[in-house]
Amino acid sequence: QAWGPFDLVLGGSPCNDLSIVNPARKGIYEGTGRLFFEFYRVLNYAKPVPHDQRPFFWLFENVVSMRASDKQTISRFLQCNPVVVDAKDISAAHRARYFWGNLPGMNRPAVPLPCDRLTLQECLEPHCFRVAQFIKLRTITTKMNSIKQTKKAIFPVRVDGEEQGDVLWCTEMERLFGFPDHYTDIANLGRCGRQRLLGMAWSVPVIRHLLSPLKEYFKSSTTMRSGTI
């Protein structure tokens, strides 16, 4: 009550103990999987009191590749089923995720904007003779080898005049997720540390897609004058 009222609660718990890609996963009730219940606790604290008619929205995200039982548990607590949104429709990389929430229009198709980079080539540094070997990349995770593509572990970039391929540069990875250049250039992080940050991040175009209907609920005289919401 001292901090509120709240308009929006966003969250996503770590997926390493939920994803079936991890053979040592512990599930929803153990390890980092239990952090979902922290989101559930915060959500219940933030909800408006009964008879409060103001708009209140929330969104929870996690990986699609989880066990059906874990998905059912999350849906039971949040009292709704998730929608699947894949970043491949509005970015240059696959990143299918479950989203639970009460945002308007969550089921609508994701439509790219003119500013969206839809192919890997659009994300590469120009004038550096770097050529994309794929149109879109598979999901990039915190693991360094997730940059390489297919079971043959092919580098995503070919550099003219060189036989061996190349990994993505940091700014190229940031563009893939929709972040500004050098967004992860903090605390002297190296390339591996910056990929780990991005591997845990949401795709910016996807979040923009999900949150854009809220513009109508939070209009103000300032945003209407400036034309930005």
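FYI, the numbering just counts along the sequence from 1.
Pairs passing the salt bridge (charged side-chain N to carboxylate O under 4.0 Å, His left out) check and including a residue from residues 138-147, sequence neighbours excluded, do not occur. Sorted by first and then second residue, the ring-ring contact (aromatic ring centres under 6.0 Å, His included) pairs with a member in residues 76-103 read F37-F77, Y40-F77, F60-W100, Y98-W100; sequence neighbours excluded. Counting only residues at least two apart or on different chains, no ring-ring contact (aromatic ring centres under 6.0 Å, His included) pair has a member in residues 101-144.
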Would you please test Y217 and F57 for ring-ring contact (aromatic ring centres under 6.0 Å, His included) and show each step?
CA-CA 10 Å; Y217 290 88; F57 301 100; 4.9 Å; yes
When you look at E38 and S13, which way does the side chain to side chain donor-acceptor pair (under 3.5 Å) test go after all the steps?
CA-CA 9 Å; E38 291 301 308; S13 55; over 6 Å; no
Which is it for T32 and D17 under the side chain to side chain donor-acceptor pair (under 3.5 Å) test, yes or no, and what are the steps along the way?
CA-CA 6 Å; T32 59; D17 276 324; 3.1 Å; yes
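For I135, the CD1 atom sits in a loose shell: 12 or fewer heavy atoms of surrounding residues, nucleotides or ligands are nearer than 6.0 Å. More than 12 heavy-atom neighbours from other residues, nucleotides or ligands sit within 6.0 angstrom of OH on Y29.
Qualifying side chain to side chain contact (heavy atoms under 4.5 Å, CB included) partners for L43, counting only residues two or more places apart in sequence or in other chains: V9, F39, K47, F56, W58, L78. With sequence neighbours excluded, the residues forming a side-chain hydrogen bond (donor to acceptor under 3.5 Å, both in side chains) with D70 are R67, listed by chain and number. The salt bridge (Lys or Arg N to Asp or Glu O under 4.0 Å) check on R158 picks up D160, with sequence neighbours excluded. Partners of E125 according to the salt bridge (Lys or Arg N to Asp or Glu O under 4.0 Å) rule, which considers only residues two or more places apart in sequence or in another chain, are R175. Taking T139 as the reference, nothing meets the side-chain hydrogen bond (donor to acceptor under 3.5 Å, both in side chains) condition, with sequence neighbours excluded. In this structure, R34 has no side chain to side chain contact (heavy atoms under 4.5 Å, CB included) partners at least two apart in sequence or on a different chain. For the side-chain hydrogen bond (donor to acceptor under 3.5 Å, both in side chains) test, no residue two or more places apart in sequence or in another chain qualifies with T142. Scored by the salt bridge (Lys or Arg N to Asp or Glu O under 4.0 Å) test, R208 finds D116 as partners (sequence neighbours excluded). The side-chain hydrogen bond (donor to acceptor under 3.5 Å, both in side chains) test applied to E61 returns R97, W202, not counting sequence neighbours.
At a cut-off of 3.5 Å, with distance as the only test, a side-chain donor of Q195 or R191 sits close to an acceptor on the other residue. With 3.5 Å as the limit, one finds a donor-acceptor pair spanning the side chains of E122 and T119.
Contact between D86 and A96 at its shortest, heavy atoms only, is OD1-N, 3.5 Å.
The residues E30 and R25 are annotated as not salt-bridged, no charged nitrogen and carboxylate oxygen being separated by less than 4.0 angstrom.
Put simply, CG on D89 and CG on L118 are 9.5 Å apart, with the number rounded to the nearest 0.5 Å.
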